[in-house]
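All of these numbers come straight from a predicted model, not from anything done at the bench. In what follows, every chain begins at residue 1, and chains take the letters A, B, ... in the order their sequences are listed.
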Amino acid sequence: MTDTSTTGADRTGTERLRDQHGPWYGPYGGVYMPEPLMAAIDELTTCYEQCRTDPAFQAEFVRLSRDYTGRPSLLTEATRLSEQAGARILLKREDLNHTGSHKINNVLGQALVAQRLGKTRLIAETGAGQHGVATATAAALFGMECVVYMGEVDTERQALNVARMRLLGAEVVPVTSGSRTLKDAINEGLRDWVANVDTTHYLMGTVAGPHPFPEMVRDFHRAIGEEAREQTIAMTGGLPDAVLACVGGGSNAMGIFDAFLDDEGVRLIGLEAAGDGADTERHALSIERGAPGLLHGMRTYLLQDDDGQTLESHSISAGLDYPGVGPQHAWLHDIGRAEYLPVSDAEAMDAFLALTRAEGIIPAIESAHAVAGALRLAKEQPGSTLVVSLSGRGDKDVATAGRWFDMLDEGAQQQ
Amino acid sequence: MSHEQAPSTTEAAIRATGTRALIGYLPVGYPDQATCVEAVVALAEAGFTAVELGVPYSDPGMDGPVIQAATQATLERGFRLEELFQTLEAISARTDIPLLVMTYWNPVLRYGVDRFAERFAAAGGAGLITPDLTPENAAEWLAAAKRHHLDRVFLAAPSSSDARLDAVIDASTGFVYTVSTMGTTGTRADVDQAARALADRIAARAEALGRDTLRCVGVGISTGEHVRQVLDYADGAIVGSALVRALGEGGVPALRELAASLALGTLDGGPATPAPAEKGIPA
């Protein structure tokens with residue numbers, strides 16, 4: 001059973017911020033799940049505890065990360081962009097991972113856990129499709145069955161990733177309930193899990209959901225920050241002034257923040273999607289504009305109305321279009337260790353083009369939010385060293401960007 | 001502790017049936033406020049023991065497709081939480097049937113747990129069924145429920161460990177909601193068997209704890225024959241999707257007709273001609 005006596009009170013003070021275990025991050029996190037899933041959650045929690053401390057498991061995870069994903073990922077100095085921005089910008093190249101984003105880190109880790117649990121079927125939710133593609137990839141690698149739930153809206157704006165998942169042998173189920181985006185895909189995934197819990201592992205794609213997911217997903221992504229910290233020191237002789245990452249559920253941010261949590265001088269900045277703008281009602285600013293509540297088995301900041309109904313979020317980026325956020329981010333916000341700032345669609349797309357033109361690197365629109373944050377910070381702190389999590393590549397977003405910048409010919413526009 | 005209290009209204013109502021209770025689920029405000037009130041009154045008139053009103057919620061992780069579609073339509077027509085209290089008041093003015101409410105927890109949390117409990121009790125509510133609030137997270141709710149004399153019904157599942165069942169039995173009043181979900185390939189017979197095994201386990205655990213816990217079962221019941229089968233091993237049968245579908249497709253008259261046929265299943269021996277078993281969907 002979940003121990004609720006451990007609250008965040010004993011996590012503050014002199015204790016290290018790294019290596020925090022769930023289920024609670026201050027008053028956030030927990031396990032708010034229907035009883036039919038509690039046995040599966042308990043089983044997963046116990047299994048992950050064993051995996052976490054089992055050298056054989058860790059060795060296999062490191063081997064896959066190296067030989068299959070291609071870790072460590074590069075840290076690239078964005079020379080021309082730095083010159084234009086007036087700060088030293090270093091890009092943590094998760095876009096170069098196999099499958100094109102950081103998502104593969106977590107997926108391989110959880111597939112190993114699922115294998116240990118004797119599960120033969122992986123199910124996942126996906127927004128932009130990156131996590132779905134990564135899960136379908138792991139299912140192919142491990143010889144498992146795979147079903148990916150994806151909001152109908154997202155299947156339309158990320159059609160290419162839908163085809164990729166199908167090529168990999170996964171079944172893609174368009175979700176037509178609610179807002180037909182990421183949060184509804186999670187609901188469908190959880191429903192599937194309730195019905196098929198004996199054979200199935202729910203492969204949560206972000207640092208959200210009930211314990212142990214926030215902790216487990218963070219741990220599988222922590223190499224991002226460990227590598228970035230080492231690479232930055234090797235490249236610049238010291239720690240960066242700030243580390244920036246986009247935050248939807250917040251997995252790439254948690255992965256890169258983790259190694260820097262106890263480096264007091266390093267600012268940690270999460271960029272939330274402001275959609276049409278922070279002064280409008282169409283955004284995904286869960287921390288900035290939300291209030292604590294329950295969603296998808298956790299207590300966290302979420303966009304909700306006075307009746308406790310979850311509100312729809314809005315962002316040009318499907319991967320950031322989520323009305324909640326991982327509970328550890330909620331806690332890092334409250335204790336002031338990390339800052340969470342808004343980046344609008346327009347600002348993100350400007351940064352998308354700026355990086356593409358200056359460096360020949362097309363980022364995912366999600367990651368472009370982090371680049372935008374760095375360009376803004378560069379103006380405030382000229383000459384500073386900024387590490388940016390380039391969490392994914394932008395191939396999937398070419399159609400969206402082409403429309404945004406009016407670069408498609410008329411025939412393509414109509415597709 | 002809960003077992004030191006007098007039996008709840010819900011428990012008394014179930015015992016008055018000789019533990020052959022029939023409980024109906026309807027989404028509050030579906031298809032509209034007035035029809036919902038009429039529908040609940042119709043279930044009371046058909047001989048239902050208690051009614052369970054579901055609060056429409058944006059992220060109903062436990063609901064099957066029929067109920068999900070109904071609650072989503074209710075939200076889309078502008079349902080607000082205030083309507084729940086108004087509906088409870090309107091129903092209470094017409095019938096004494098115990099009114100339970102099934103709600104996901106965030107609406108209650110947002111309203112304020114004690115404030116909700118107070119308002120809910122004043123409006124005539126008997127208790128809450130909480131699908132995504134398990135006993136370990138329920139301290140604030142249990143305190144409020146005791147203060148306002150409300151039932152707290154928790155869920156038990158076939159996969160629940162003995163320790164979890166003990167916690168559910170200890171925290172619940174009224175009855176324990178015994179759920180059994182149907183996998184993609186599950187047949188009605190499989191589900192029925194799982195529910196029976198769970199009901200027996202709950203009885204055994206309750207006895208060891210010195211409790212006489214009532215067990216009501218929701219397992220895709222859609223006919224009087226299903227009701228009779230479930231009452232063979234449980235203290236109450238909960239019908240959800242079938243009623244919601246009838247109300248949605250044929251209004252109160254269709255609901256009344258189904259309710260009457262379901263109620264036949266509560267009679268000893270059941271209907272003279274058993275209806276053929278068919279594949280149900282989770283309640």
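Nearest heavy atom pair, residue B:Asn137 against residue A:Trp24, reads OD1-CZ2, 4.2 Å. Nearest heavy atom pair, residue B:Ala157 against residue A:Pro36, reads CB-CA, 3.5 Å. Taking both residues in full, the closest heavy atoms of A:Met33 and B:Thr134 are given as O-CG2, 3.5 Å, listed atom of the first, atom of the second, then distance. What you find for A:Arg191 and B:Gly61 is that their closest heavy atoms are CG-O, 3.3 Å. Heavy atoms only, all atoms of each residue included: B:Arg110 and A:Gly308 are closest at CG-N, 3.5 Å.
No side-chain heavy atom of B:Ser161 sits under 4.5 Å from any side-chain heavy atom of A:Asp42.
Of the possible polar contacts, one joining the B:Ser58 side chain to the A:Thr310 backbone as a donor-acceptor pair under 3.5 Å is found.
Of residues 80-90 of chain B, those residues lying under 4.5 Å from chain A by any heavy-atom pair are B:Arg80, B:Leu81.
In this structure, no portion of B:Tyr111 lies under 4.5 Å from any heavy atom of chain A. Residue B:Leu109 touches chain A through its side chain alone, counting heavy-atom pairs closer than 4.5 Å. Both the backbone and the side chain of B:Pro60 come within less than 4.5 Å of a heavy atom of chain A. Both the backbone and the side chain of A:Asp306 come within contact range of chain B, each with at least one heavy atom under 4.5 Å from a heavy atom of that chain. B:Ala156 touches chain A through its backbone: at least one of N, CA, C or O sits under 4.5 Å from a heavy atom, while the side chain does not.
Between the side chains of B:Ser160 and A:Glu35, a donor-acceptor pair is found at a separation under 3.5 Å.
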Exercise for review: Check step by step if salt bridge (charged side-chain N to carboxylate O under 4.0 Å, His left out) holds for B:Asp59 and A:Lys183.
Suggested key: CA-CA 8 Å; B:Asp59 296 271; A:Lys183 91 175 169 67; 3.0 Å; yes

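In this structure, CZ in B:Phe79 is found 7.5 Å from CD in A:Gln309, a value given to the nearest 0.5 Å. Here B:Gln72 contributes atom CD and A:Ser177 contributes atom OG; the two are 6.0 Å apart, rounded to the nearest 0.5 Å. To the nearest 0.5 Å, atom OH of residue A:Tyr32 and atom OG1 of residue B:Thr130 are 12.0 Å apart.
Each of A:Asp307, A:Asp198, A:Asn187 has some count of heavy-atom pairs under 4.5 Å with chain B, and the biggest count is that of A:Asp307.
In this structure B:Asn106 satisfies the side-chain hydrogen bond (donor to acceptor under 3.5 Å, both in side chains) test together with A:Gln304, sequence neighbours excluded.
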